[in-house]
Amino acid sequence: MPFAPATALLAPLAPWFDARRRPMPWRAGDLDAPHPDPYAVLVSEIMLQQTQVATVIPYFTRWMERFPDAEALAAATEDEVHGLWAGLGYYRRARNLQAAARAIAGAGFPRTLEGLLELPGLGPYTAAAVAAQAFQLPTPALDGNAFRVAARVLALEGDPRRHAAALRDWLAPALAAHGPSRLTQAVMELGATVCTPVPRCASCPLLGACAARARGLQERIPPVQPRAKVTEAEIHLAAIRSPRGWLLCPPASRGLLAGLWSWPRAEAAPELEGAAEAASGYGLEARELPGWVQVYSHRRETVRPIVARMASAPGAQGLEWVPGERLPELPMGRRDQKLRAALDAPGTPLTGAGLAALRTILDEGVSANPRS
DNA sequence: AATTCGTGGTG
DNA sequence: TCACCAAGAAT
């Protein structure tokens with residue numbers, strides 16, 4: 001379909017961005033030159049996948065201090081990489097980023113869109129965004145912001161992602177005309193601060209050119225996406241200490257929280273009678289802490305934490321006893337960080353359900369920790 | 001091609 | 001409280 005030429009339509013974005021852009025630690029001072037540090041651009045773009053700028057900034061700063069270049073990242077251990085990523089989410093990104101750094105340390109930084117797409121963790125958006133910001137290539141980067149801005153300016157109805165190829169063709173000349181790095185960031189900045197899901201049209205530099213606004217459709221374009229279904233779960237999360245340390249579930253290579261350590265857990269079980277007496281029979285002293293609801297991308301988990309102390313240290317399949325002094329440095333997701341921070345908090349007596357969970361964990365080990 | 005990957009902000 | 005969703009990619 002024929003779109004109004006983007007070069008003229010989007011021209012107001014360039015001066016708007018030069019005047020209004022937010023400071024970000026990865027942004028180059030000179031938007032008309034290649035970026036002095038393509039690795040920094042890569043790190044920022046991977047962290048920004050499905051993650052807001054304000055959340056990323058402190059992670060980016062710490063990351064660049066510890067891993068200032070691809071060589072430093074390539075040489076790091078998996079625990080250290082995940083330690084710096086812990087809490088940011090989508091942990092596969094951390095593993096992919098280190099794999100990309102190893103490829104770069106060996107063969108140099110790819111300077112074409114096709115070469116960037118070969119790096120693990122870089123898809124159509126990220127490869128184009130790096131190419132434009134690091135190397136000034138006129139490669140349109142279509143993220144959620146860009147799709148929303150384009151859909152509104154052009155009054156595209158339906159899911160704008162259907163028009164990805166046409167929109168890239170539409171945007172490319174505007175990138176070349178106004179500067180690939182500048183216009184790429186300007187479109188996203190507009191989407192993040194003005195052309196938001198609930199738009200602030202009064203302060204938009206494209207107000208006069210916006211077809212959706214002209215028709216009063218700016219609130220309905222683009223349409224909301226159907227939600228993925230969320231499964232419900234209820235688990236006991238157990239911090240068990242013995243003379244050998246804490247009993248922990250070592251990192252898995254795939255699935256939820258891959259690359260992170262976690263406390264062993266068991267699905268909530270039916271109530272047992274006489275928990276306290278049975279527990280002392282095991283040489284086990286335990287209490288339960290206040291629970292909470294942990295939300296993941298497609299899972300809602302009611303967490304019932306337990307802190308227990310055992311006189312002996314039995315083996316448990318797939319679980320490890322970790323010395324107490326190592327506990328603070330292990331990479332963990334938010335759920336497990338929360339329990340780690342509450343190990344000294346007061347609690348209530350162990351319930352029958354809690355005892356059943358501890359028995360399941362000690363008897364079955366990692367097999368009591370089902371993949372979701 | 002539909003699912004599966006975290007977490008925090010916002011209205 | 002809750003829906004929505006954020007500089008998406010891999011499978």
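Order of the sequence lines sets the chain letters (A, B, ...), proteins ahead of strands, with each chain counted from 1. Any value given below was found using the heavy atoms of this structure, including those in side chains, with hydrogens, waters and symmetry copies removed.
The CZ-C1' distance, from Arg335(A) to dG6(B), rounds to 12 Å in whole Å. Regarding Tyr296(A), its OH atom lies at a distance of 18 Å from the C1' atom of dT3(B), rounded to whole Å.
The span of DNA chain C lying next to chain A, judged by atoms under 4.0 Å from heavy atoms, is bounded 5' to 3' by dC4(C) to dA10(C).
DNA chain B lies under 4.0 Å from at least one heavy atom of each of the following residues of residues 33-54 of chain A: Gln50(A), Thr51(A), Gln52(A). For the segment residues 218-228 of chain A, the set of residues with a heavy atom within less than 4.0 Å of an atom of DNA chain B is empty. Heavy-atom distances under 4.0 Å link DNA chain C to Pro120(A), Gly121(A) of residues 98-121 of chain A, given in residue order.
Counting only heavy atoms from C-beta outward, the side chains of Trp26(A) and Met64(A) never approach each other to under 4.5 Å.
Residue His298(A) has no polar side-chain atom (N or O) positioned under 4.0 Å from OP1 or OP2 of dT3(B). Proximity of Arg334(A) to the phosphate of dG8(B): a side-chain N or O atom is located under 4.0 Å from OP1 or OP2. Note on Arg300(A): every side-chain N or O is 4.0 Å or more away from OP1 and OP2 of dT7(B).
The closest side-chain donor-acceptor pair between Arg334(A) and Gln337(A) falls under 3.5 angstrom. Residues Asn145(A) and Arg148(A) bring a donor and an acceptor atom of their side chains to less than 3.5 Å of each other.
For residues 216-238 of chain A, the set of pairs meeting the salt bridge (charged side-chain N to carboxylate O under 4.0 Å, His left out) definition, not counting sequence neighbours, comprises Glu232(A)-Arg300(A), Glu234(A)-Arg304(A).
Applying side-chain hydrogen bond (donor to acceptor under 3.5 Å, both in side chains) to Glu301(A) and the options Arg335(A), Arg265(A), Gln294(A) leaves one that passes, Arg335(A).
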Donor-acceptor pairs under 3.5 Å, side chain of residues 179-188 of chain A to any protein atom, not counting sequence neighbours: which ones?
residue	atom	partner	partner atom	Å
Ser181(A)	OG	Gln185(A)	NE2	2.9
Arg182(A)	NE	Asp18(A)	OD1	3.1
Arg182(A)	NE	Asp18(A)	OD2	3.2
Arg182(A)	NH1	Asp32(A)	OD1	3.1
Arg182(A)	NH1	His178(A)	O	2.9
Arg182(A)	NH2	Asp32(A)	OD1	3.2
Arg182(A)	NH2	Asp32(A)	OD2	3.1
Thr184(A)	OG1	Pro180(A)	O	2.6
Gln185(A)	OE1	Arg27(A)	NH1	2.9
Gln185(A)	NE2	Ser181(A)	O	3.3

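Heavy-atom distances to DNA chain B give each of Arg200(A) and Tyr90(A) a nearest nucleotide, and the one nearer the 5′ end belongs to Tyr90(A). Between Arg148(A) and Ala127(A), the residue anchored nearer the 5' end of DNA chain C, judged by the nucleotide with its closest heavy atom, is Arg148(A).
Of all the heavy atoms in Trp170(A) and Ala4(A), the pair that sits closest is NE1-O, 2.6 Å.
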